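Everything numeric in this text was worked out from a predicted model, so none of it was measured. All values below were derived from every heavy atom in this structure, side-chain atoms included, with hydrogens, water molecules and symmetry-related copies excluded.
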Amino acid sequence: MKRLKTLCLLWCIAAGAVVAQEVPQLANVMARQTTSLNGKWNYIVDVQEEGYYDYRMNPTPWGFFRNAKPQRPEDLIEYDFDKAPAMQVPGDWNTQDERLFFYEGTVWLKRSFRYHQPTDRRTLLYFGAVKYDAHVYVNGQEAGHHVGGFTPFNFDVTELLADGENTVIVKVDNKRHAEDVPTQIFDWWNYGGITRDVLLVSVSPTYVENYQLSLDKGAAARRGLRQINFKARLNRAVAGQTVTLRIPELKVNEQVETAADGTALVTLKAKNLQLWSPDSPKRYRVEVGLGDEVIADSIGFRTIETRGKQILLNGQPIFLKGISMHEEKPNGGGRANSTADAHTLLSWAKELGCNFVRLAHYPHNEYAVREAERMGMLVWSEIPVYWTIAWDNAQTYENARRQLADMISRDQNRANVIIWSIANETPHSAARDRFLGNLARHARSLDDTRLISMAMEVTSASNYTNRLQDNMNEYVDVVSFNQYVGWYRDVNDASKMTWEIPYDKPVIISEFGGGAKYGLHGPKNQRWTEEFQENLYRENCAMIDKIDGLAGTSPWILKDFRSPRRVLTGIQDYYNMKGLFSDRGQKKKAFYVLKQWYEGK
């Protein structure tokens with residue numbers, strides 16, 4: 001891959017092309033001056049990647065990214081975006097073209113648009129997410145290359161844009177590889193495409209790249225007077241720039257000058273601050289300014305910490321009544337990509353009595369995190385270090401570290417995000433411990449105001465004793481693990497189970513559950529019936545109630561979701577059926593068991 005990128009770069013330089021560059025992720029893009037490129041994009045399916053390689057598998061300078069047109073009647077050009085079909089962006093290709101339902105490979109997407117570059121401004125091309133490997137071209141020249149399917153990235157394309165007609169072409173490849181994050185196998189649908197917003201963002205040559213506001217640690221123990229820490233970072237290391245911070249409701253109006261590294265720091269006192277909580281999801285209008293540009297946000301303030309085996313929100317113990325959920329649309333599947341999608345799914349969680357959602361197994365859309373915050377729903381956010389990652393591969397680690405940093409950078413001002421999760425169900429080894437230990441340290445260096453966790457696996461000491469023993473216990477604040485008594489072993493064992501968790505830390509059961517097809521009824525020992533799932537939930541709730549230090553649960557899962565691993569005809573039909581709701585939002589009988597249990601918490 002490095003050789004390939006070098007060859008492309010050398011070709012661009014030799015051709016006299018302007019080379020764009022990726023720039024650090026832009027915070028709160030929703031509040032910036034933007035032009036949307038969402039809508040219909042023409043697409044070409046390129047199974048053998050002939051639009052990128054020649055027949056010797058060398059990068060070709062005559063690829064599809066040139067969007068070439070015949071200049072003479074005899075010219076041979078074997079593609080034409082303008083004659084190709086179109087799909088909606090943001091969106092996945094699997095549910096927009098029935099030929100691509102199982103497809104994993106390369107699709108080229110093109111959007112033409114008119115744009116007039118503002119004087120003395122820079123223009124960034126922003127992608128909310130592309131699944132998974134994206135080469136981006138503007139007017140036939142490469143803007144950049146990004147790997148990773150669930151976090152934002154942006155390129156400075158100022159020099160590549162023309163005044164008037166422009167074209168963006170993206171080569172998207174969702175093939176799975178052993179060194180990827182996630183790796184080759186995972187239990188959800190491998191949706192391909194430009195799955196989140198595409199925007200042109202106009203910024204000043206010097207702009208606020210990112211900012212963070214948080215309560216001073218330990219402030220929840222005090223009353224009346226609290227301290228807010230504010231940090232802003234410019235896109236350039238330049239001193240003496242005045243950054244303003246206004247929180248009108250709190251009568252905060254501060255001016256802070258940047259240091260030589262382009263950062264501005266201030267700690268200020270805020271009287272009568274109302275804290276964010278699920279019962280009262282209070283947010284304040286915050287304005288961060290530099291020159292004539294003002295970035296507006298809605299930010300809540302809260303503290304999250306642990307004390308022994310308790311999780312404390314704003315200094316008070318809280319039980320996390322949760323559910324896990326995938327980023328998949330209700331009513332027919334496909335990648336969820338809007339506030340409306342998020343609101344529907346989170347409303348189902350609210351009906352269940354939840355105050356907490358585990359957004360599995362990758363960073364979900366920013367719309368989902370913000371809507372959860374508005375609705376008063378606490379969030380566990382996770383990167384897709386899932387099952388058996390290439391632990392000794394340096395590029396794999398760098399990919400995971402980048403996804404972790406981008407997730408934190410995007411959502412660090414969301415009061416509802418209380419847990420950064422670094423992994424799910426990973427096999428124990430020294431290499432794995434190094435990999436995850438480094439991720440945990442990196443997460444804490446970026447944000448020490450939240451808790452670190454991961455979904456561990458239980459090791460059984462005897463037939464009816466489950467013992468959790470994981471070297472990662474020293475890196476996490478909350479001990480979380482998945483268990484499937486009743487699904488991968490007899491449900492009648494639940495009442496006999498004892499649990500040994502030898503750590504003085506809060507415990508979250510990050511997954512439990514079993515499958516059922518909505519509307520299929522029978523005796524409680526008949527697998528796939530609603531009665532089987534109902535009984536499984538009843539036995540599990542009684543079992544985990546006995547676990548010392550239990551601070552929350554996020555059963556698997558809110559709704560049925562697509563997975564190519566689930567092939568049982570007439571029952572699964574490529575759906576994981578462990579949802580408490582069907583894909584159509586129909587409640588299964590187990591829904592009422594969990595709801596009643598949460599009502600007692």
Side-chain angles (χ1 to χ4, degrees), residues 132 148-150 176-188 190 324 326 358-363 380-404 407 419-443 452-463 465-489 497 499-503 505 507-514 547 554-557 563-566 576 578:
Y132 172 79
F150 305 102
R176 294 165 292 118
H177 304 95
E179 67 274 13
D180 287 346
V181 182
T183 187
Q184 282 180 305
I185 57 171
F186 41 87
D187 188 15
W188 66 86
N190 187 22
S324 296
H326 266 298
R358 179 187 179 207
L359 302 183
H361 284 293
Y362 39 78
W380 159 313
S381 192
E382 187 165 291
I383 57 171
V385 176
Y386 182 91
W387 290 357
T388 307
I389 296 290
W391 306 114
D392 288 318
N393 187 307
Q395 289 183 328
T396 301
Y397 174 78
E398 177 55 30
N399 186 340
R401 188 205 63 79
R402 167 72 186 269
Q403 292 192 49
L404 177 65
M407 174 179 71
I419 294 174
W420 301 125
S421 173
I422 57 174
N424 177 80
E425 292 183 357
T426 51
H428 297 193
S429 71
R432 170 265 203 176
D433 291 349
R434 286 193 299 272
F435 189 109
L436 296 184
N438 287 335
L439 283 182
R441 282 189 288 265
H442 187 57
I452 306 295
S453 194
M454 57 178 283
M456 302 175 180
E457 291 184 302
V458 173
T459 55
S460 182
S462 67
N463 283 341
T465 299
N466 282 322
R467 181 176 178 83
L468 183 66
Q469 194 163 1
D470 195 313
N471 292 336
M472 287 301 296
N473 78 86
E474 65 178 284
Y475 295 99
V476 298
D477 301 296
V478 178
V479 174
S480 307
F481 64 91
N482 302 344
Q483 65 83 21
Y484 281 93
V485 174
W487 190 248
Y488 296 119
R489 66 178 296 169
M497 288 290 175
W499 299 83
E500 294 181 3
I501 305 171
Y503 312 118
K505 295 183 177 183
V507 174
I508 294 177
I509 310 300
S510 38
E511 292 181 27
F512 72 88
I547 295 177
S554 52
W556 195 258
I557 188 169
S563 171
R565 297 175 62 85
R566 308 300 172 170
N576 185 311
K578 293 187 178 71

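Here the side chain of D477 pairs a donor or acceptor atom with the backbone of I452 at under 3.5 angstrom. Judged by distance alone, the side chain of T183 and the main-chain N or O of I389 form no donor-acceptor pair under 3.5 Å. Listed for the S453 side chain is a donor-acceptor partner under 3.5 Å among the backbone atoms of V478. A distance-only check finds a donor-acceptor pair linking the side chain of T396 to the backbone of E179 [under 3.5 Å]. Under the 3.5 Å distance criterion, the side-chain polar atoms of S324 are matched with a main-chain donor or acceptor of S554.
A 4.5 Å side-chain heavy-atom check between L468 and V507 finds every atom pair outside the cut-off. With a 4.5 Å cut-off on side-chain heavy atoms, F186 and P384 do not count as touching. Taking 4.5 Å as the limit, some side-chain heavy atom of R358 sits within range of a side-chain heavy atom of S510. Residues P182 and R176 have side chains not in contact (no heavy-atom distance under 4.5 Å, counting atoms from C-beta outward). Looking at heavy atoms from C-beta onward, E425 lies out of side-chain contact with H361 at the 4.5 angstrom threshold.
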Item to complete: Determine, stepwise, if the pair W387 / N424 fulfils side chain to side chain contact (heavy atoms under 4.5 Å, CB included).
Response: CA-CA 6 Å; W387 290 357; N424 177 80; 4.2 Å; yes

Worksheet item: Would F435 and V385 satisfy side chain to side chain contact (heavy atoms under 4.5 Å, CB included), going step by step from the backbone distance to the final call?
Response: CA-CA 10 Å; F435 189 109; V385 176; 4.3 Å; yes

Worksheet item: Where do Q403 and N399 land on the side-chain hydrogen bond (donor to acceptor under 3.5 Å, both in side chains) test, with the steps shown first?
Response: CA-CA 6 Å; Q403 292 192 49; N399 186 340; 2.8 Å; yes

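Heavy atoms only, all atoms of each residue included: Q469 and H428 are closest at O-CE1, 3.1 Å. The minimum heavy-atom distance linking S421 with M407 is given by the pair O-CE, 4.5 Å. Nearest heavy-atom pair across V181 and Y132 is N-OH, 3.1 Å.
With sequence neighbours left out, the side-chain hydrogen bond (donor to acceptor under 3.5 Å, both in side chains) criterion links Y484 to E511. Here Y362 pairs with H326, R335 under the side-chain hydrogen bond (donor to acceptor under 3.5 Å, both in side chains) rule; sequence neighbours left out. Partners of D180 according to the side-chain hydrogen bond (donor to acceptor under 3.5 Å, both in side chains) rule, which considers only residues two or more places apart in sequence or in another chain, are H177. Take D433 and apply the side chain to side chain contact (heavy atoms under 4.5 Å, CB included) test, not counting sequence neighbours, and it matches N471, M472. With sequence neighbours left out, W499 forms a ring-ring contact (aromatic ring centres under 6.0 Å, His included) with F481. A search for side-chain hydrogen bond (donor to acceptor under 3.5 Å, both in side chains) contacts involving S563 returns D187, not counting sequence neighbours.
Distance CH2/W188 to CG/N576: 12.0 Å, rounded to 0.5 Å. Separating the CE atom in M456 from the OG1 atom in T426 is a distance of 8.5 Å, to the nearest 0.5 Å. Here L439 contributes atom CG and I383 contributes atom CD1; the two are 5.0 Å apart, rounded to the nearest 0.5 Å. To the nearest 0.5 Å, atoms CE (M454) and CG (N482) are separated by 10.0 Å. One finds the OH atom of Y397 at 9.5 Å from the CG atom of L436 (value rounded to the nearest 0.5 Å). Distance check: D470 CG to Y503 OH gives 6.5 Å after rounding to the nearest 0.5 Å.
Side-chain contact, R441 with N438: a donor N or O sits under 3.5 Å from an acceptor N or O.
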